[in-house]
Asks: 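First the structure, which I've put down as structure tokens, then a few questions once you've had a look.
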Amino acid sequence: MGLWDKLKGELVDIIEWLDDSRDTIVWRFPRYENEIKMGAKLVVRESQTAVFVNEGRVADVFGPGTHTLTTQNMPVLSTLKGWKYGFESPWKAEVYFVSTRQFTDMKWGTQNPVMVRDPEFGAVRLRAFGAFAMRVTDPGKLLTELVGTDPQFRTAEVQEYLRQLVVSHLGSALATANVPMLDLAAKQLSIGSTLAAVLTDELDSSGIAIPKFVIENISVPPEVEQALDKRTSMGVLGDLDAYTKFQTANAIEDAAGNPGGAGDAIGLGLGMAAGQRAAQSMAATPPPIVPPPLPAGEWFAALGGQQQGPFDLAALTGHAGSGTLTRDTLVWRSGMAGWTAAGQVAELNSVFAAVPPPLPPQ
């Protein structure tokens with residue numbers, strides 16, 4: 001073996017990338033003056049791609065495996081360098097390793113609410129957040145469009161751009177889904193799948209795909225949530241009157257827990273309101289039907305040794321005037337325990353008002 005062959009064997013390089021991070025998308029192989037020896041070993045691991053760039057132009061791309069760099073397996077770079085005869089001197093090129101695995105820790109969220117039109121509630125503002133996965137599908141496009149000459153391109157450098165892209169498409173996705181606001185939770189998976197396809201098509205020119213898009217939560221502003229809670233309570237209670245009573249009971253309970261001026265004032269106001277409602281309820285209720293008094297002809301008398309009647313008070317007065325009914329005459333009416341002398345019944349005092357009492361003994 002000659003000295004040149006020995007030196008050339010010792011100068012064979014191994015070009016590889018052992019990724020010990022979880023957020024690096026592109027990493028440029030460090031090389032002094034970018035000189036690479038012909039015959040160097042290129043090791044590309046699974047979920048990696050190696051891209052050779054010469055004078056700013058993307059040349060050859062290598063997939064997973066171990067490659068010996070020669071003019072035979074670098075046709076584009078050989079053409080650019082003009083190696084028509086297999087020239088084997090050192091040559092300059094930049095080697096970029098691109099990770100093609102899924103980056104699943106990408107977060108997104110709406111800084112400002114997205115305005116959409118709901119068929120039931122009209123215009124509503126929605127907030128949403130979640131996560132998505134990103135994958136490089138075309139390393140050449142990625143280097144040309146986003147990376148440039150960056151020696152280490154991380155997810156943080158592209159995440160804000162992707163988040164803005166997500167938010168710009170979110171409103172359109174929610175509007176075109178034709179799903180009422182109250183049913184959005186049940187449609188989050190389908191809306192996420194639609195957004196993933198739309199974003200992948202949008203990012204195709206940059207060599208990026210969005211294989212998975214997750215909507216973790218869609219919410220409304222706090223004041224809308226409170227209104228929805230009240231509406232839900234009304235639905236549970238059944239009608240507005242029941243809801244009013246429910247609110248009044250809650251206010252009374254709060255007032256009871258706050259004794260003093262404010263609590264007493266609230267309690268007084270609630271009492272007056274309850275009194276007004278009671279008065280209105282009583283005014284709206286028709287008076288009960290009262291039956292007429294019983295007829296007066298309900299007296300029976302023992303006249304001439306026989307029971308006769310029934311008589312009213314006028315008839316008894318006439319008998320008293322004729323002398324057939326005296327204070328000693330037995331009378332009876334419904335409710336009395338038995339026959340009683342007419343003079344002992346207080347109700348018949350008016351019957352004998354014009355009849356003089358018997359003479360005293362002479």
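Only heavy atoms go into these numbers, but all of them, side chains included; no hydrogens, no water, no symmetry mates.
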Asks: For the residue pair Pro211 and Gln102, establish whether any side-chain heavy-atom pair is separated by less than 4.5 Å.
Replies: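 Pro211 vs Gln102: side chains touch.
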
Asks: For Trp27 and Phe153, I'd like to know if the aromatic rings sit close, meaning centre-to-centre distance below 6.0 Å.
Replies: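 No, they do not, as the ring centres are separated by 6.0 Å or more.
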
Asks: Please lay out, stage by stage, how Leu199 and His169 fare under the test side chain to side chain contact (heavy atoms under 4.5 Å, CB included).
Replies: CA-CA 8 Å; Leu199 293 172; His169 286 279; 3.8 Å; yes

Asks: Can you hop from Phe132 to Phe129 via hydrophobic side chains spaced under 4.5 Å?
Replies: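 As far as the 4.5 Å side-chain criterion goes, Phe129 and Phe132 are not connected within one cluster.
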
Asks: Are Val58 and Leu142 connected into the same hydrophobic cluster when the rule is that any two of I, L, V, M, F, W, Y join if their side-chain heavy atoms are below 4.5 Å apart?
Replies: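 Result: yes, single cluster for both.
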
Asks: Decide whether a cation-pi geometry holds between Arg101 and Phe103; the criteria are a distance under 6.0 Å from NZ or CZ to the six-membered ring centre and an angle within 45° of the ring axis.
Replies: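 Output yes; distance and angle both within limits.
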
Asks: Hey, which of Thr66, Leu18, Ile15 is the one that makes side-chain contact (heavy atoms from CB on, under 4.5 Å) with Val43?
Replies: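 With Val43 as partner, side-chain contact (heavy atoms from CB on, under 4.5 Å) holds for just one option, Thr66.
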
Asks: Do you know which of Leu170, Val124, Leu184 makes side-chain contact (heavy atoms from CB on, under 4.5 Å) with Val116?
Replies: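 Among Leu170, Val124, Leu184, the one that satisfies the side-chain contact (heavy atoms from CB on, under 4.5 Å) with Val116 is Val124.
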
Asks: For Glu55, does the CD atom sit with more than 12 other heavy atoms under 6.0 Å from it, leaving out its own atoms?
Replies: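 Check fails, neighbour count at 12 or below.
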
Asks: In the single-linkage hydrophobic clustering (I, L, V, M, F, W, Y; side-chain heavy atoms under 4.5 Å), do Val167 and Val158 co-cluster?
Replies: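 They do not share one cluster, since no chain of ILVMFWY contacts under 4.5 Å joins Val167 to Val158.
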
Asks: Would you call Glu157-Arg154 a salt bridge at under 4.0 Å N-O?
Replies: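 A salt bridge is absent here (no side-chain N lies under 4.0 Å from a carboxylate O).
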
Asks: How far apart are the closest heavy atoms of Ile36 and Ala93, and which atoms are they?
Replies: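 Looking at all heavy atoms of both residues, the shortest contact is CD1-O, 3.9 Å.
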
Asks: Would a distance-only check, ignoring hydrogens and angles, find a side-chain to backbone donor-acceptor pair under 3.5 Å from Thr324 to His319?
Replies: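 Yes.
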
Asks: Please check: side-chain N/O of Asn349 versus main-chain N/O of Ala346, any donor-acceptor pairing under 3.5 Å?
Replies: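 At least one qualifying donor-acceptor pair exists.
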
Asks: Treating Thr329 as the side-chain partner and Ala342 as the backbone partner, does any N or O pair qualify as donor plus acceptor under 3.5 Å?
Replies: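 A pair under 3.5 Å: no.
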
Asks: Could you check whether any side-chain N or O of Thr110 sits under 3.5 Å from a backbone N or O of Ala128, counting only pairs where one atom can act as donor and the other as acceptor?
Replies: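 Yes.
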
Asks: So Leu126 and Met181, side chain to side chain contact (heavy atoms under 4.5 Å, CB included) or not? Walk me through it.
Replies: CA-CA 9 Å; Leu126 299 178; Met181 182 184 67; 4.0 Å; yes

Asks: Is a side-chain donor-acceptor pair under 3.5 Å present for Thr70 with Gln72?
Replies: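 Yes, side-chain donor-acceptor contact under 3.5 Å.
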
Asks: Please work out whether the ring planes of Trp108 and Phe213 are parallel, tilted or perpendicular, with thresholds of 30° and 60°.
Replies: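 Because their plane-to-plane angle is under 30°, the rings of Trp108 and Phe213 count as parallel.
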
Asks: Quick one: does Leu162's side chain get under 4.5 Å of Met134's, heavy atoms only?
Replies: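 Sidechains of Met134 and Leu162: in contact.
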
Asks: If Ile, Leu, Val, Met, Phe, Trp and Tyr residues are connected whenever their side-chain heavy atoms lie under 4.5 Å apart, and connections chain through other members, are Tyr161 and Ile210 in the same group?
Replies: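 Looking at the clustering, Ile210 is in the same group as Tyr161.
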
Asks: Do you know which two heavy atoms are closest between Asp118 and Val179, and how far apart they sit?
Replies: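 Of all heavy-atom pairs spanning Asp118 and Val179, the closest is OD1-O, 4.4 Å.
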
Asks: For the CG atom on Leu330, are there more than 12 heavy atoms of other groups (residues, nucleotides or ligands in this structure) within a distance under 6.0 Å?
Replies: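 For Leu330, atom CG is crowded (more than 12 foreign heavy atoms under 6.0 Å).
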
Asks: Just by modelled atom types, is the Ile215 backbone N or O under 3.5 Å from a matching donor or acceptor in the Gln188 side chain?
Replies: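 Confirmed, Gln188 side chain pairs with Ile215 backbone.
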
Asks: How close do Val331 and Ala301 get, heavy atom to heavy atom, and via which atoms?
Replies: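 Answer, listing the atom of Val331 first, then Ala301: CG1-CB, 4.1 Å.
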
Asks: Can you check whether Val95's main-chain N or O pairs, donor with acceptor, with Arg28's side chain at less than 3.5 Å?
Replies: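 Flag not set: sc Arg28 to bb Val95 has no pair under 3.5 Å.
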
Asks: Taking atom CG of Asp138 and atom CG of Leu203, what is their separation to the nearest 0.5 Å?
Replies: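 CG of Leu203 is found 12.5 Å from CG of Asp138.
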
Asks: Check whether any side-chain N or O of Asp60 sits under 3.5 Å from a backbone N or O of Val76 as a donor-acceptor pair, and report yes or no.
Replies: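 Yes, because the side chain of Asp60 sits within donor-acceptor range (under 3.5 Å) of the backbone of Val76.
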
Asks: Do Asp328 and Thr326 have a side chain donor and acceptor closer than 3.5 Å?
Replies: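 Thr326 and Asp328 do not have a side-chain donor-acceptor pair below 3.5 Å.
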
Asks: To the nearest 0.5 angstrom, please state how far the OG atom of Ser78 sits from the CG atom of Asn54.
Replies: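 Atom-to-atom, Ser78:OG and Asn54:CG are 10.5 Å apart.
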
Asks: What is the distance from atom CG of Leu316 to atom CD of Glu347, rounded to the nearest 0.5 Å?
Replies: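 Those atoms lie 11.0 Å apart.
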
Asks: Evaluate the side chain to side chain contact (heavy atoms under 4.5 Å, CB included) criterion for residues Trp299 and Val351: first the C-alpha distance (whole Å), next the side-chain angles of each, then the deciding distance (0.1 Å), finally the verdict.
Replies: CA-CA 12 Å; Trp299 292 93; Val351 172; over 6 Å; no

Asks: If you round to the nearest 0.5 Å, how far is NZ of Lys187 from OG1 of Thr194?
Replies: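 So the gap between those two atoms works out to 11.0 Å.
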
Asks: May I ask you to check whether Thr68 and Lys41 show a side-chain donor-acceptor distance below 3.5 Å?
Replies: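 Yes, side-chain donor-acceptor contact under 3.5 Å.
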
Asks: Can you give me the closest heavy-atom contact between Arg45 and Glu16, atom names plus distance?
Replies: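 Closest heavy-atom pair between Arg45 and Glu16: NH2-OE1, 2.9 Å.
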
Asks: Would you call Arg125 and Val114 a side-chain contact if the rule is heavy atoms closer than 4.5 Å?
Replies: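 Arg125 does not reach Val114 side chain to side chain.
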
Asks: Looking at Asp13 and Lys37, is there a salt bridge between them, counting it only when a charged N and a carboxylate O are closer than 4.0 Å?
Replies: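 Looking at Lys37 and Asp13, the cut-off is not met.
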
Asks: Run the numbers on Val26 and Gln152 for side chain to side chain contact (heavy atoms under 4.5 Å, CB included), then give the verdict.
Replies: CA-CA 6 Å; Val26 178; Gln152 190 169 17; over 6 Å; no

Asks: Taking only Lys NZ, Arg NE, NH1 and NH2, and the carboxylate oxygens of Asp or Glu, determine whether Lys141 and Asp204 approach each other closer than 4.0 Å.
Replies: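 Salt bridge between Lys141 and Asp204, a charged N being under 4.0 Å from a carboxylate O: yes.
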
Asks: If hydrophobic clusters are built by linking Ile, Leu, Val, Met, Phe, Trp and Tyr wherever their side-chain heavy atoms come under 4.5 Å apart, do Leu313 and Phe300 end up in the same one?
Replies: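 Yes: a chain of side-chain contacts under 4.5 Å links Leu313 to Phe300.
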
Asks: Is the backbone of Gly207 close enough, under 3.5 Å, to the side chain of Thr137 for a donor and an acceptor to pair up by distance?
Replies: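 Answer holds: yes.
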
Asks: Applying the ring-ring contact (aromatic ring centres under 6.0 Å, His included) test to Phe62, which of Phe52, Phe97, Tyr96 qualifies?
Replies: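 With Phe62 as partner, ring-ring contact (aromatic ring centres under 6.0 Å, His included) holds for just one option, Phe52.
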
Asks: Can you check whether Ala341's main-chain N or O pairs, donor with acceptor, with Gln344's side chain at less than 3.5 Å?
Replies: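 Such a contact is absent between Gln344 side chain and Ala341 backbone.
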
Asks: Can you tell me how far CD of Gln111 sits from CZ of Arg127, rounded to the nearest 0.5 angstrom?
Replies: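 One gets 9.5 Å once the value is rounded to the nearest 0.5 Å.
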
Asks: I'd like to know whether Thr24 forms a side-chain hydrogen bond (donor to acceptor under 3.5 Å, both in side chains) with Ser21, so could you lay out the CA-CA distance, the side-chain angles of the two residues, the decisive distance to 0.1 Å, and finally the verdict.
Replies: CA-CA 6 Å; Thr24 302; Ser21 70; 2.7 Å; yes

Asks: Output the distance between atom CZ (Arg135) and atom NZ (Lys212), rounded to the nearest 0.5 Å.
Replies: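 Spacing of CZ (Arg135) from NZ (Lys212) equals 13.0 Å.
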
Asks: Do you know which two heavy atoms are closest between Gln159 and Asp105, and how far apart they sit?
Replies: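 Closest approach of Gln159 to Asp105: NE2-O, 4.3 Å.
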
